[in-house]
Amino acid sequence: MTERADPWAALVALCVGFFMILLDTTIVSIAVPSMVRGLATDLNAIVWVMSVYLLAYAVPMLFTSRLGDRFGPKRVYLAGLAVFTLASLWCGLAGTAEVLIAARAVQGLGAALMTPQTLAFITHLFPPAKRGPAMGLWGGVAGLATITGPLLGGVLVDHLGWEWIFFVNVPVGAAGLVLAVVLVPDWQPRNSHSFDVPGILLSVAGLSLLVFGLQNGQHYSWGRVAAPVNVAEVIAAGVLLLAGFVVWQRRNRREPLLPLRVFANRNFSAGTLTAVTIGFTMTAMFLPLVIYVQDVLLLSPTEAGLVTAPMSLLSGVIAPFIGRLSDRTDPRYLVIFGIVALAAGLGLIALMARETRTWWVTFPGLLLCGVGTGAVFAPMSNVTMSSVEPRLAGTASGIFNTARQVGGVFGSAATGVLLQARISAGMASSGGNAPRALTDATRETILLPVAVLLLGIIAAAAMRRPAPRPAPAPAATRA
């Protein structure tokens with residue numbers, strides 16, 4: 001039996017799962033103080049709760065995008081959503097930081113199975129001329145989910161406990177499974193891929209060692225991890241393995257995990273680098289902000305979440321309009337505008353942060369951040385993916401999403417290291433004045449993603465308006 005897919009209904013169903021997995025990249029940040037107390041652990045362990053999710057999310061995505069090409073994006077998406085939902089239940093039941101870290105890794109793997117399929121479906125269901133509004137909805141969901149995490153997390157932590165930031169995923173995941181089964185077509189690209197096992201092993205080992213060394217350097221005082229290995233050697237091993245990964249991808253003539261030829265496309269290369277800087281910023285901005293509003297301004301988790309609510313609302317409202325506009329104008333100018341607004345907002349927060357109990361000092365900067373996140377996701381995704389040949393859409397989707405998540409991994413790790421180092425230094429220089437030390441550490445740490453966004457502006461400026469492609473015939477799918 002043949003049926004024609006309703007593209008918007010399918011996209012809405014996919015966005016339920018996409019919203020949930022992006023929500024979990026930031027919802028944990030608002031619960032950091034509660035989790036430190038509830039699990040009787042330290043800040044470094046809770047930073048790992050965030051980073052291991054991003055790492056397990058990012059590293060397998062090049063591989064999971066191939067799974068969608070081989071077995072069908074719908075089937076891989078449903079498998080990922082089931083894994084994510086069950087792992088969320090495990091996270092909520094975890095009684096120690098170690099168990100929670102393991103459960104978050106499994107949760108990240110479920111997210112990695114889902115995300116490439118969402119973007120690949122957009123390129124399949126919508127012709128290029130009508131893809132802007134679809135990317136606008138996708139970008140709106142991405143921006144809204146990323147910013148909504150602290151608000152929802154604050155309410156759940158205050159009234160039910162930190163465990164409920166994970167339990168809430170269970171009914172949402174179940175609803176998402178039903179919607180996807182009913183509304184999403186069983187599209188079968190039927191591309192028979194071989195799997196680059198050496199590439200998978202090199203990328204997983206290299207990224208894991210690099211992130212472990214960067215994030216735990218402060219914990220080990222940048223010295224010995226375990227005899228005879230020290231932090232510098234762990235980081236160097238990660239860099240060497242990643243260099244080996246790139247060399248192997250260049251030499252692998254069959255089907256490399258990361259086909260370097262896709263980077264010959266200027267828009268795709270520039271868009272991917274831009275995505276790295278956005279991913280870095282979206283994870284790097286929340287940890288210092290949450291520490292500041294809860295431990296310096298003494299706001300409850302719910303109040304801290306409410307502080308970010310206008311940013312969330314503004315981002316969600318702006319994104320669909322920007323998505324439509326990206327079809328009618330040069331998208332790179334929209335991307336640059338979004339990045340500049342995001343950087344300006346973070347800079348304003350750093351400038352206005354004080355050791356006072358007035359929440360409004362963060363408000364103007366957060367509004368600018370909302371404008372920036374609402375403006376950047378849709379045109380960035382549109383210009384990057386619209387320039388890719390249709391036969392490389394699945395692979396390109398995996399690379400693009402991996403780049404954003406790898407940026408998030410490094411943002412989480414780098415921010416955790418810098419924040420802990422600046423808090424320690426501030427406590428020593430201020431004679432134990434915690435509010436002053438935390439405020440200074442927050443201001444200095446928030447400037448890190450601002451510096452990274454400057455690279456994003458340069459990358460976005462290198463983009464070109466995509467050349468229009470002829471619209472493909474409407475896709476008929478097998479029920």
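Residue numbers count from 1 along this sequence. Scope of the values below: all heavy atoms of this structure, side chains included, with no hydrogens, waters or symmetry mates.
- The distance from the CG atom of L342 to the SG atom of C369 is 5.0 Å, given to the nearest 0.5 Å.
- In terms of modelled atom types and a separation under 3.5 Å, the side chain of T64 and the main chain of A112 share a donor-acceptor contact.
- Checking side-chain atoms of S208 against main-chain N and O of A205 turns up no donor-acceptor pair under 3.5 Å.
- Here CD1 of I165 is found 7.5 Å from CG of D24. Values are rounded to the nearest 0.5 Å.
- Partners of E444 by salt bridge (Lys or Arg N to Asp or Glu O under 4.0 Å), not counting sequence neighbours, listed by chain and number: R422.
- Ring to ring, F167 and W164 are close: their centroids are under 6.0 angstrom apart.
- Ring geometry, F84 versus Y53: the interplanar angle exceeds 60°, so the pair is classed perpendicular (tilted spans 30 to 60°).
- At least one donor-acceptor pair under 3.5 Å links the side chain of T277 to the backbone N or O of T274.
- In this view, T115 and Y57 satisfy the side-chain hydrogen bond (donor to acceptor under 3.5 Å, both in side chains) rule, not counting sequence neighbours.
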Report the C-alpha separation of T415 and T445 in whole Å, then their side-chain angles, then the decisive distance to 0.1 Å, and conclude whether the side chain to side chain donor-acceptor pair (under 3.5 Å) test is met.
CA-CA 7 Å; T415 302; T445 305; over 6 Å; no

Show, in sequence, the C-alpha distance, side-chain angles and deciding distance for F121 and K74, and conclude whether the side-chain contact (heavy atoms from CB on, under 4.5 Å) test is met.
CA-CA 9 Å; F121 258 116; K74 177 178 180 176; 4.2 Å; yes

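- To the nearest 0.5 Å, atom CG of residue L299 and atom CG of residue L306 are 9.5 Å apart.
- Here D295 contributes atom CG and L438 contributes atom CG; the two are 6.0 Å apart, rounded to the nearest 0.5 Å.
- The distance from atom CG of L55 to atom CZ of R104, rounded to the nearest 0.5 Å, is 12.0 Å.
- The main-chain N or O of G416 is found under 3.5 Å from a side-chain atom of Q420 such that the two form a donor-acceptor pair.
- Under the 3.5 Å distance criterion, the side-chain polar atoms of Q107 are left unmatched by any main-chain donor or acceptor of I21.
- Not counting sequence neighbours, W90 has no partner by the ring-ring contact (aromatic ring centres under 6.0 Å, His included) test.
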